[in-house]
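The block underneath contains the structure these notes are about, expressed in structure tokens.
None of the values given here were measured: they were computed from a predicted structure.
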Amino acid sequence: MSALDAIKGNWRVLMLVLFLTFAVVALFVPGGIVADDSLAEESIESGPTNLEFGLSLDGGTRIRVPVTGMTAENVAPDAVSDNGEVDQQRLDSIESTLYQELGVDQADATVDVQDDGTVTAEVFVENVTEAEFAAALQKANADASEDDIRDGVTEQTRDQMISTIQTKINEAGLSGGTVYEASTLNDEHYIVVEVPNMDSNELRTLLSERGVVQVVAYYPGEDGNQTKKPVLTNEDIASVDAPELRGEDTPGEPYYVVPVQVRDSSASEFQQQMNDLGFTSEGVGKCDLPEENGNFQFGEGSGSYCLLTEVDNETVAAHSMGDTSSGGGSGLATNMRRGNWANDPSFFMGAQNQQDAQSLSVNLRAGSLRAPLDFENSQIYSIEPSHAEQFKQYSLLIGLLSVITVSGVVYARYTDTRVALPMIVTAMAEVVILLGFAALIRMPLDLSHVAGFIAVVGTGVDDLVIIADEVMDEGDVNSARVFQSRFRKAFWVIGGAAATTVVALSPLAVLSLGDLRGFAIITILGVFIGVIITRPAYGDILRRLLTNQ
């Protein structure tokens, strides 16, 4: 037999070997076969495999929380023409009226065009009633009454929040964290956040911070009193680098800064504002705002020129601009005064300590949450790492027991190692491929997934028994043609069973039913891997052993 004929006759076995090789690489080679392993770097270095573990097997917290807000839908049909052209001026006018009538910040109300072309208005604060919201919309000549207001936010807002929270978790270095949406039959929507190795208080603190960052100019006004004026926001920042420690070799305490790059479209205006307000002339080095227990005393410090860093309207740092000639910093004031800073618009945002700097960096990278989360109606599930370690050990023990039990039953049934041993090896190969796939996509494994793996072993061996029985029960196999005929008959049976399993478990895999979803996903993946890869390969192995062809 030529090499080409050997490949043609055993391509199913070769495909099994190929998938096994990829699975082993994905499982055990640091970084696996995915080039970007930045999100899984910690787990790769700390464990012998590239597997990620979820809450049940690694400890951590899951929080299920609704979004604070009210929505009025289809409030301004006149703002979108029949050809899809949007009257942005009309939308901005409604938004401005909402700010004024409801007395809310710009971040707490929005008017947007949805994917279906309708215009929705949303308010993200708790102290506004439906009647007040409707009255504000009517003041803006919008078509809305109190009956048109509903609790909750739009799908567009929820999607943006999920994306922002996922970025926050990734930027905070919390490998394995996931964020998704869950809905009830009453059309109530929740955001579910799962983070391994983090207790409930830490996670709640991370999510409570909405992350609205702005740089505020604090300077003497025309009337002599100190004045505040926002000069930069999250949207004006183009890129953010990791926090840096400064001042280690100079007198005074070291401090942390976050290097940022301002968007070109905002740089010139920011530079002009700093020059006009006096920050680059009489205000150079003049920030003497008193601080007490981490809180800045704004009633004092008259004559100060400070750039304040505010997160969610709370001042976390206050700094003055330095001049090159005075040796105070990087010479930001000098470059702005000369007008060449806007050509390379980068500077440092200050922070009082490393934690504030890290939090500021995460908020700038992830952006701000579009709406706050309603923690009063949240559900929190948390498990200690020590308990999770026990579950991990028990899961490994149960897996080994299931393999030993299945192997014993298979051997007792056939008492023929030619049939039983390939059957056991093929079933185990199915689990290895599945584990490799989980490592490849960074799937955080949980107890529900362990149950799915055990179900895969059971259904896999069951299908292999059907193949062996169908091939051998009708007498000796004396030719490859006879084998193929009986094998095809068996394959129709297991194919039909696999289709039934997939159809039955699909609703669990699609709907938000908690841990049942993980069980369904692993079982369905195992069924597909078995039908496409392992069971045809077992057929080739059995043919070779029974017919020597």
Side-chain angles (χ1 to χ4, degrees), residues 16 19-20 23 26-27 49 51-58 178 388 390-413 420 422-469 490-539:
L16 174 62
F19 271 86
L20 269 176
L27 272 173
T49 70
L51 289 173
E52 298 271 350
F53 296 104
L55 300 187
S56 300
L57 299 179
D58 217 10
T178 57
Q390 287 183 345
F391 291 154
K392 196 183 293 182
Q393 294 172 0
Y394 292 155
S395 298
L396 181 61
L397 179 62
I398 291 172
L400 291 174
L401 286 176
S402 67
V403 170
I404 293 171
T405 303
V406 168
S407 301
V409 170
V410 168
Y411 185 78
R413 178 178 176 82
M423 186 179 292
I424 295 168
V425 171
T426 307
M428 294 308 100
E430 192 170 310
V431 175
V432 173
I433 293 173
L434 202 50
L435 284 171
F437 182 76
L440 175 70
I441 64 172
R442 312 297 191 206
M443 176 188 289
L445 298 179
D446 237 322
L447 284 177
S448 61
H449 298 102
V450 173
F453 278 107
I454 294 174
V456 166
V457 172
T459 56
V461 171
D462 187 39
D463 289 347
L464 298 179
V465 167
I466 291 174
I467 293 174
D469 284 357
F491 206 79
W492 275 111
V493 174
I494 64 174
T500 303
T501 303
V502 171
V503 171
L505 291 179
S506 292
L508 293 180
V510 174
L511 297 176
S512 301
L513 294 177
D515 291 340
L516 291 176
R517 192 177 190 187
F519 169 78
I521 290 174
I522 287 293
T523 306
I524 290 174
L525 284 174
V527 167
F528 276 117
I529 291 172
V531 172
I532 297 172
I533 302 171
T534 58
R535 281 146 222 182
Y538 177 71

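- Distance check, rounded to the nearest 0.5 Å: OG1 of T500 to CG of L505 gives 10.5 Å.
- A439 approaches A26 most closely through the heavy-atom pair CB-O, 3.6 Å.
- Using a distance-only test at 3.5 Å, with no hydrogens or angles considered, no donor-acceptor pair links the side chain of R517 to the main chain of L508.
- Nearest heavy-atom pair across A520 and A509 is CB-N, 3.7 Å.
- Atoms CD1 and CG, from I433 and L525 in turn, are 12.0 Å apart once rounded to the nearest 0.5 Å.
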Evaluate the side-chain contact (heavy atoms from CB on, under 4.5 Å) criterion for residues D58 and K392: first the C-alpha distance (whole Å), next the side-chain angles of each, then the deciding distance (0.1 Å), finally the verdict. CA-CA 8 Å; D58 217 10; K392 196 183 293 182; 3.9 Å; yes
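- In terms of the side chain to side chain contact (heavy atoms under 4.5 Å, CB included) criterion, residue partners of I454 (sequence neighbours excluded) are, by chain and number, I398, V450.
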When you look at V406 and V457, which way does the side-chain contact (heavy atoms from CB on, under 4.5 Å) test go after all the steps? CA-CA 8 Å; V406 168; V457 172; 4.2 Å; yes
Please determine whether side-chain contact (heavy atoms from CB on, under 4.5 Å) holds for the pair I521 and M443, giving the CA-CA distance in whole Å, both sets of side-chain angles, and the decisive distance to 0.1 Å. CA-CA 11 Å; I521 290 174; M443 176 188 289; 4.2 Å; yes
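- For the residue pair A455 and F519, the shortest heavy atom distance occurs at CB-CE1, 3.9 Å.
- Between the CD1 atom in I529 and the CZ atom in F19 there is a gap of 8.0 Å [rounded to 0.5 Å].
- Listed here is the closest heavy atom pair of L55 and A388: O-CB, 4.0 Å.
- Taking CG from L440 and CG from L51, the interatomic distance works out to 11.5 Å, rounded to the nearest 0.5 Å.
- For the ring pair (Phe, Tyr, Trp, His ring centres under 6.0 Å) test, residues two or more places apart in sequence or in another chain that qualify with F491 are F487.
- Rounding to the nearest 0.5 Å places OG of S395 at 12.0 Å from NE2 of H449.
- Residue pairs meeting the salt bridge (Lys or Arg N to Asp or Glu O under 4.0 Å) criterion with at least one member in residues 398-413, sequence neighbours excluded: R413-D469.
- Remark: D446 pairs with no residue by the salt bridge (Lys or Arg N to Asp or Glu O under 4.0 Å) rule, at least two apart or across chains.
- Each side-chain hydrogen bond (donor to acceptor under 3.5 Å, both in side chains) pair with one or both residues in residues 524-538, not counting sequence neighbours, appears once here: E430-T534, E430-R535, D463-R535.
- A427 and L464 make their closest contact through N-CD1, 4.1 Å (heavy atoms, listed as atom of the first residue, atom of the second, distance).
- Taking the side chain to side chain contact (heavy atoms under 4.5 Å, CB included) definition, one finds that V502 meets it with S506, I524, V527, F528, sequence neighbours left out.
- The shortest heavy-atom contact between L445 and F453 is CD2-CE1, 4.1 Å.
- Put simply, CD1 on I532 and CG on L16 are 13.0 Å apart, with the number rounded to the nearest 0.5 Å.
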